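Below you'll find the structure, written out as structure tokens, and then a few comments.
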Amino acid sequence: MSEVRPTYDDEIDLFELFKTLWDGKWKIISTTFVAALIGVVFSVNKPNSFEVSTAIQIAKPSVFLPYTTLNSLLKQKGLYYDKELNEGGYKFNRESVFNTFVVEFNDYEEMVDVLSEDEFVKQSIRGLDDSQKQKALIGFAKKFKIVPPSNKEKKWHLKFEWHNDYEGRSLFSVALQKTLINTQKTLKNNIDELAKAIERQNTYKLEKLQDDLNAIKENEKEKIKKRIIFLNEQYSIAIELGIETNKLNANALSQNSQNQISSSINPNDVPYYLRGSKAIKKEIVLIENRSEEDILLMADGKVEVDKEIALIQNDKSSSQLKKAAKLIERDNPKDWVVFNMQLADANSQKKSSLYIALSIVLGGFVGVIYVLISNVIRKRKGHLEKA
């Protein structure tokens, strides 16, 4: 007895395919309806969120005109910021202030501080420990961004995504204002610290110069001691030789010098005791009676050191920097950047129509696959029963 094997037709019969789908139309409709219903429920229950964006601009140059003197002073003291020559310097203009503002905001401190007072956030982090709360707050804060210009966009933008458009605008605005206030404090403190640094530097220089003066004085005293020893020796010789008054013919020596008459006698080589004991004794008395001030005044190098001390004592840069810090403190930081959250563009992230459309398509696709597979299984069972 020969075995009868079932045969299968691998060719696709479009008519048969459409007939199968038509016969299973209610199953396809049912799955499509159920999927659409699920899509509607999902769309309704999914929390909505809004993506909001608005431009933020650097303030006009005129806002920072009062700080022209400050920048000039920084240049004069060699403290002005230069990307290539002085990266550790300072400057106060609209670009530097804006950069400080962005850096201040990106530490999330102000944003976290504002969000921690929001009722929605409080409910969201309830029950978490301190570490988890901090992580959650930073996660919320990262939804608020200051976005730098891209290749297509030349402007900076404020962007955030939040469940409530108006609440998000308010939170962002408050955080930005706090950031501006902290930026103001940072810049003011930087200038104050710079003024203090100059004061400390000047104090150190003055102390060093005072040490130099003391050294000059001591050096001059040593010279005087040597001079007095020399004079005492010359005085003793003059007394011993009985030379009481000057025996030098200074006029003759001077006349010979003026007439360019060669002389074997050099005035510097003439024995000092020839000046006489009276003159030498008087010189000794005068030198010994010099005051400390006179001794220092006669010293070499004293005038130059005095000039340096006067320059430092007359240096007004520290007080000028303190005045600039006060100017920063009195300024209104709200003028340093320009933005308006009321003009922001808001786009809802809840795509209800898209969710429902995708659900219908998916439901229809599942229904078609189910009908086709069911038909194939039914036919295979039929062939097996006949075999």
Side-chain angles (χ1 to χ4, degrees), residues 35-59 98 100-150 152-184 332-360 362:
L37 187 61
I38 292 173
V40 170
V41 173
F42 174 79
S43 177
V44 170
N45 292 330
K46 184 182 184 300
N48 192 11
S49 65
F50 296 87
E51 186 177 80
V52 182
S53 174
T54 189
I56 181 171
Q57 299 176 4
I58 301 175
F98 186 80
T100 305
F101 164 74
V102 173
V103 171
E104 182 69 34
F105 179 83
N106 285 339
D107 65 9
Y108 301 121
E109 181 181 340
E110 295 82 10
M111 200 70 242
V112 167
D113 185 44
V114 173
L115 288 170
S116 62
E117 300 298 323
D118 181 66
E119 286 301 323
F120 169 78
V121 175
K122 286 181 180 179
Q123 292 294 329
S124 301
I125 64 177
R126 180 172 293 177
L128 302 178
D129 60 34
D130 291 341
S131 176
Q132 291 174 329
K133 284 182 179 179
Q134 191 63 24
K135 288 182 180 179
L137 284 170
I138 292 175
F140 283 124
K142 287 183 177 180
K143 294 179 179 290
F144 298 81
K145 304 174 184 177
I146 300 178
V147 183
S150 61
K152 295 181 180 179
E153 277 283 351
K154 295 183 179 180
K155 294 181 179 180
W156 288 74
H157 279 81
L158 302 173
K159 289 186 178 181
F160 71 87
E161 184 176 340
W162 201 246
H163 68 282
N164 185 301
D165 175 11
Y166 296 102
E167 182 181 304
R169 292 173 194 244
S170 176
L171 291 171
F172 208 177
S173 294
V174 174
L176 290 172
Q177 297 302 332
K178 285 195 171 188
T179 303
L180 283 169
I181 292 172
N182 287 339
T183 298
Q184 181 184 35
N332 186 357
K334 293 180 181 179
D335 297 331
W336 292 353
V337 294
V338 181
F339 66 91
N340 189 340
M341 294 304 300
Q342 302 302 319
L343 300 178
D345 297 323
N347 295 312
S348 174
Q349 301 301 294
K350 188 174 182 179
K351 311 295 183 182
S352 301
S353 300
L354 178 62
Y355 299 147
I356 295 173
L358 289 174
S359 299
I360 292 173
L362 182 61

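Values below: all heavy atoms of this structure, side chains included; hydrogens, waters and symmetry mates excluded. The model shown is predicted, which means the values in this text are computed figures rather than measured ones.
Rounded to the nearest 0.5 Å, atoms OG1 (Thr54) and NE2 (His157) are 7.0 Å apart. Expressed to the nearest 0.5 Å, how far CE of Met111 lies from CZ of Phe140 amounts to 11.5 Å. In this structure, the separation between NZ on Lys145 and NZ on Lys159 is 8.5 Å, given to the nearest 0.5 Å. Distance check, rounded to the nearest 0.5 Å: CD of Glu51 to NZ of Lys143 gives 11.0 Å.
For Val52 against Ala344, the heavy-atom pair with the smallest separation is CG1-CB, 3.4 Å. Scanning all heavy atoms of the two residues, the minimum distance from Glu167 to Asn164 falls at N-OD1, 2.9 Å. Closest heavy-atom contact between Ala136 and Ile125: CB-CG2, 3.7 Å.
Within a 6.0 Å radius of CG in Asp129, more than 12 heavy atoms belonging to other residues, nucleotides or ligands are found.
Legend: residues meeting salt bridge (Lys or Arg N to Asp or Glu O under 4.0 Å) with Lys334, ordered by chain and number and at least two apart, are absent.
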side-chain contact (heavy atoms from CB on, under 4.5 Å) evaluation trace for Leu176 with Phe101: CA-CA 9 Å; Leu176 290 172; Phe101 164 74; 3.7 Å; yes
Audit row: Val112, Gln134, side-chain contact (heavy atoms from CB on, under 4.5 Å) steps and yes/no: CA-CA 8 Å; Val112 167; Gln134 191 63 24; 4.2 Å; yes
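Figure legend: Arg169 and Phe172 shown without cation-pi pairing, the cationic atom not lying both under 6.0 angstrom from the six-membered ring centre and within 45 degrees of its axis.
Evaluation of the side-chain hydrogen bond (donor to acceptor under 3.5 Å, both in side chains) test over residues 101-119, restricted to residues two or more places apart or in two chains, returns Glu110-Asn182, Asp113-Lys178.
Looking at Leu171 and Leu115, their side chains come closer than 4.5 Å, going by heavy atoms from C-beta outward. Counting heavy atoms from C-beta on, the side chains of Trp156 and Val337 never come closer than 4.5 Å. Side-chain contact between Met341 and Phe160 is present, with at least one heavy-atom pair separated by less than 4.5 Å. With contacts defined as side-chain heavy-atom distances shorter than 4.5 Å, the pair Ile146/Leu158 qualifies.
Remark: side-chain polar atoms of Asn332 are not paired, donor with acceptor, to backbone N or O of Asp335 under 3.5 angstrom. Between the side chain of Ser124 and the backbone N or O of Phe120 there is at least one donor-acceptor pair closer than 3.5 Å.
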